[in-house]
Amino acid sequence: MKKVAKFGGSSLASAEQFKKVGDIIHADEDRKYIVPSAPGKRFSNDTKVTDLLYSCYHTAEEEKDIRPVLNQIQERYNEIIRGLGLELSLDGEFQTIEKNIKGKAGIDYAASRGEYLNGIIMANYLGYEFIDAAEVIFFNEEGEFDSEKTQEILSQRLKNAENAVIPGFYGSRPDGTIETFSRGGSDITGSIVARALHARLYENWTDVSGFLVADPHIIKNPESITTITYRELRELSYMGATVLHEDAIFPVRQEGIPINIKNTNRPDDPGTMIVENTCHKPPYTITGIAGKQGFVAINIEKDMMNSEIGFGRKVLEAFERNGISFEHMPSGIDTLTVFVHQTEFEEKEQAVISDIHRLANPDSIDLEGDLALIAVVGRGMRGTRGTVGRIFSALAHAHINVKMIDQGSSELNIIIGVANDDFEAAIQAIYNIFVLVKL
Ligand code: ASP
């Protein structure tokens with residue numbers, strides 16, 4: 001049974017971390033296909049190798065000497081090689097990298113070298129085959145991921161590999177230039193490799209034991225989530241819960257492969273399983289809570305709005321014209337409210353307002369800023385009586401005024417709007433009512 005194991009930057013930041021990873025891989029003979037990130041931070045104010053590579057490229061663009069920063073990067077790798085006791089020199093690789101960066105091989109080329117070099121070390125350490133991602137992960141001329149070509153070539157290539165290390169984060173365009181995914185993109189590579197192998201499981205090793213019911217910066221020692229569906233995860237990630245790159249879900253989802261988020265520093269913790277569907281009842285009605293601050297509500301009023309065909313479209317056109325995407329749009333009989341990101345909206349505020357007047361001719365437009373949106377997500381809410389009632393009563397007891405509520409008909413997600421100042425207290429109140437009281 002094949003498993004793909006992806007290890008994040010903090011899991012590979014030092015020789016000590018590499019050894020933990022080696023032990024994890026050796027503990028299960030199904031872990032034969034490994035996707036490493038670049039070395040991340042060893043301590044909180046350390047710099048990730050990927051960031052050093054970006055700054056190296058910028059230094060080259062300014063026609064300044066890149067040797068100091070390249071030396072710093074090489075030293076990070078040498079420290080790992082020494083700590084693992086490997087007979088490996090990256091001198092030749094660094095000469096090539098220096099030449100290519102000076103030759104302006106592209107910022108993505110520079111950034112990708114973090115994973116590339118870590119992959120070489122990992123393959124050497126494990127005695128696994130090294131497969132350069134540039135030969136098996138493809139992007140098109142526009143720089144978009146080419147799923148079909150990748151699936152075909154990668155699965156063919158992996159058929160001939162008993163084991164392999166495939167660096168994360170990058171691939172190549174048709175002309176051979178290197179292209180990367182967005183930051184954190186090694187998660188996507190892991191997912192692509194799992195799909196190509198028809199793996200049984202995609203393990204994503206990081207420095208936390210999976211997803212937590214709520215942000216630990218707000219809730220002290222929150223419970224962890226043992227099982228979450230792809231859809232629940234999508235709702236929570238959209239609202240700011242970050243552990244896994246959002247796009248990492250799509251390749252495995254096509255094959256129904258579960259993802260297991262695991263902690264390299266606590267390998268025995270079960271972590272979180274991300275699945276297509278499950279009959280496991282969640283321990284609470286809700287699976288997770290996430291939220292974001294910094295929204296503006298634009299309240300638009302017009303008598304008889306409900307019977308005016310096209311009113312909503314005209315209002316939204318005003319936002320579209322100004323390049324602003326909207327988050328939510330709850331409506332009443334003669335009112336319609338559009339929620340947008342405050343920072344995006346502020347600079348275009350007057351242009352949007354006058355466009356709404358011109359296009360939709362409302363009676364009044366009223367703005368309210370400094371709002372927060374909180375998503376309460378859970379497959380257990382479906383068909384459960386009283387979920388909204390409980391949320392409201394918890395918030396009322398905490399003296400928090402609810403400005404908006406929006407529940408999709410899938411009953412998977414309830415969005416609540418509160419003042420920014422009430423954000424943390426609201427999350428605490430919702431967490432308490434569902435998790436501490438165990439409803
Ligand atoms: N090393 C890249 C980054 O820092 C990609 C990754 O770690 O997934 O964003």
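As the structure lists them, so they are numbered: ligands from 1, and atoms in each ligand from 1.
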*side-chain contact (heavy atoms from CB on, under 4.5 Å) evaluation trace for D370 with Q293*: CA-CA 7 Å; D370 299 320; Q293 290 172 281; over 6 Å; no

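- Remark: ligand 1 and T50 share an N or O pair separated by less than 3.5 Å (distance only, no angle test).
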_Using the rule given for side-chain contact (heavy atoms from CB on, under 4.5 Å), can you reason through Y202 versus S191, listing the C-alpha separation, both sets of side-chain angles and the distance that settles it, and then say yes or no?_
CA-CA 7 Å; Y202 169 27; S191 182; 3.8 Å; yes

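- Using a non-hydrogen distance threshold of 4.0 Å, G9 does not register as a contact of ligand 1.
- The residue from E115, R183, K41 that puts a heavy atom closest to atom 4 (O) of ligand 1 is R183.
- For the pairing with H341, the ring-ring contact (aromatic ring centres under 6.0 Å, His included) check across F319, F326, F295 returns one residue only, F295.
- Of the heavy atoms in S186, both backbone and side-chain atoms come closer than 4.0 Å to ligand 1.
- There is no side-chain donor-acceptor pair under 3.5 Å between E75 and N71.
- Of the N or O atoms in G184, one or more lie within a sub-3.5 Å distance of an N or O in ligand 1.
- Atoms of ligand 1 lying under 4.0 Å from at least one heavy atom of S37, given by number and element, are 6 (C), 7 (O), 8 (O).
- The shortest N/O to N/O separation between D187 and ligand 1 does not fall below 3.5 Å.
- For the pair P36 and I34, the tightest heavy-atom approach, listed with the atom from each and the gap, is CD-O, 3.7 Å.
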*Step by step, work out the ring pair (Phe, Tyr, Trp, His ring centres under 6.0 Å) result for Y284 and Y431.*
CA-CA 10 Å; Y284 321 104; Y431 182 85; 7.9 Å; no

